Amino acid sequence: MGADVILGIETSCDETAAAVVARASDVRSSVVSSQVDIHAKYGGVVPEVASRAHVETIMPVVEEALDASGLTSSGIDAVAATHGPGLIGALLVGVSAAKAISLVWDVPFIGVNHLEAHLYAAFLEEPNLEMPLVILLVSGGHTMLILMEGHLRYRVLGHTVDDAAGEALDKVARVLDLGYPGGPAVDRLSNNGDRDAIAFPRAMANDGWNFSFSGVKTAVVNHVRKRPDVQIADVAASFQEAVADVLVMKARRAAKEYGATGLCLAGGVAANSRLREMVADAAAADGLRAFLPSRAMCTDNAAMVAAAGWWRLAADGPSGMDLGADPSLRLPVD
Ligand code: KG4
Ligand code: ZN
């Protein structure tokens, strides 16, 4: 039967996660233990604190995922863990745990690229996605416009030249005193605001495939400083609109230019309500399919790691035990 059932492990940032997934689409269990409460008092992720929390949580989370899957260790065919990009100390916890499990259970070990894992989240719910697909990979650390031409075959059309979309959302949320993590807070508050209230800049809107979000972030900060009595909900909604607008504008244009059959979202910011709505509307207007992974599969989780691991194992075979953690690992491109 080959390697059907994969145990996935994710520890690249502030989520300790494990999942059991069969054939990259059948999620038997997915457990995510968030460190949000631990980092909230610092206003952001503290790497040393993250590593320590991963060490404490990883094995209980793996056991919980195995229990919830209804399988025992003998039902697991391979173990996959994120080995980059991410925080070095955090990555090492997941990679070491996966290698230990691989040795003890005598199953192959697969090192997974976190960005590739985000891209495979869409396939968990729609295994037969047609390609080429234009994917917006928008997270706390990355903003990329990707053309996925086939399984494991990508072209990075554009990326951010400064802040990632999630980074800009988190920074603006801090300025607006909305707490951490900022993205979900901006999303919630925007529901009560007028997205047309303030015309924030859409940087590089008509200029190639790259993005820039530091200008709009500064514009928000300046706006709030000059008008302390402004309605914060209007600022949040107008800012969120400006960010989503450029993302969707470029994804649409890329789909047309490269003959894509669908638009797809990936990464934590893909959980954003307005961005999801805009992608769905754009796809409907342009005769494209829209693939919006469920919110739980957009933010960091291990089911997506297991899915990408299944494809990588089939294509390249297991990783060596000498594979290390690589904090600046890039998406493998053609
Ligand atoms: O993919 P992810 O969980 O971790 C990284 O790989 O970075 O993405 C985290 C990012 C954070 O910036 C967070 O604020 C953002 O995703 N995020 C959101 C929402 N949920 C999470 N941004 C906007 N709206 C949301 N609902
Ligand atoms: Zn991520």
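Position 1 is the first residue of the sequence; numbering continues from there. Start at 1 and go down the list; that is how both ligands and their atoms are numbered. Note that the coordinates shown come from a computational prediction; the quantities given were computed from them, not determined experimentally. Below, all heavy atoms of this structure are taken into account, side chains as well, without hydrogens, waters or symmetry copies.
With atom 9 (C) of ligand 1 as the reference point, the heavy atom nearest to it among Gly140, Cys298, Ala266, Ser12 is part of Gly140.
Looking at atom 4 (O) of ligand 1, its nearest protein heavy atom turns out to be Asp300 OD2, 3.2 Å. In terms of protein heavy-atom proximity, atom 24 (N) of ligand 1 is closest to Asn272 ND2, 3.0 Å. Protein heavy atom in closest approach to atom 17 (N) of ligand 1: Gly268 O, 3.5 Å.
Not a single heavy atom of Cys13 sits under 4.0 Å from any atom of ligand 1. Ligand 1 is approached by His114 to a heavy-atom distance shorter than 4.0 Å.
Short contacts between ligand 1 and His118, defined as distances under 4.0 Å to a heavy atom of the residue, involve ligand atoms 1 (O), 6 (O). The atoms of ligand 1 that sit less than 4.0 Å from any heavy atom of Gly166 are 12 (O). Close approach of ligand 1 to Asp170 (heavy-atom distance below 4.0 Å) involves ligand atoms 11 (C), 12 (O), 13 (C), 14 (O). Remark: ligand 1 atoms within the under-4.0 Å shell around heavy atoms of Asp187 are 24 (N), 25 (C), 26 (N). Remark: ligand 1 atoms within the under-4.0 Å shell around heavy atoms of Leu169 are 22 (N), 23 (C). When each atom of ligand 1 is checked for a heavy atom of Gly141 under 4.0 Å away, the hits are 7 (O).
For the pair Glu15 and ligand 1, the shortest N or O to N or O distance does not fall below 3.5 Å. For Thr299, no nitrogen or oxygen atom sits less than 3.5 Å from a nitrogen or oxygen atom of ligand 1, counting backbone and side chain alike. Distances between N or O atoms of Gly183 and those of ligand 1 include at least one value under 3.5 Å.
For Arg289 and Glu126, the salt-bridge test passes: some basic side-chain N is under 4.0 Å from an acidic carboxylate O. A salt bridge does not link Arg274 to Asp187: none of the charged nitrogens lies less than 4.0 Å from a carboxylate oxygen. Salt-bridge check for Lys171 with Asp163: passed, with a basic side-chain N closer than 4.0 Å to an acidic carboxylate O. A salt bridge does not link Arg227 to Asp229: none of the charged nitrogens lies less than 4.0 Å from a carboxylate oxygen.
Heavy-atom minimum distance, Leu263 versus Leu288: CG-CD1, 3.9 Å.
Shown are the protein N/O/S atoms under 2.8 Å from the Zn ion (ligand 2), given by residue and atom: His114 NE2, His118 NE2, Asp300 OD1.
Ring centers of His151 and Tyr120: under 6.0 Å apart, within the cut-off.
Although no hydrogens or angles enter the test, the distance criterion places no donor-acceptor pair under 3.5 Å between the side chain of Arg174 and the main chain of Gly179.
The structure places CD1 of Ile38 at 5.0 Å from CD of Gln35, a figure rounded to the nearest 0.5 Å. Phe213 contributes atom CZ, which lies 11.0 Å from atom CZ of Arg202 (distance to the nearest 0.5 angstrom). Taken to the nearest 0.5 Å, the CG atom of Leu313 stands 5.5 Å off from the CD1 atom of Ile6.
Members clustered with Val31: Val61, by chain and number, using a 4.5 Å side-chain heavy-atom cutoff among hydrophobic residues.
Ring pair His118/His114 is perpendicular by interplanar angle, where above 60° counts as perpendicular and below 30° as parallel.
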Stepwise, does the side chain to side chain donor-acceptor pair (under 3.5 Å) test hold for Glu116 with Tyr154? CA-CA 9 Å; Glu116 188 163 80; Tyr154 324 99; 2.8 Å; yes

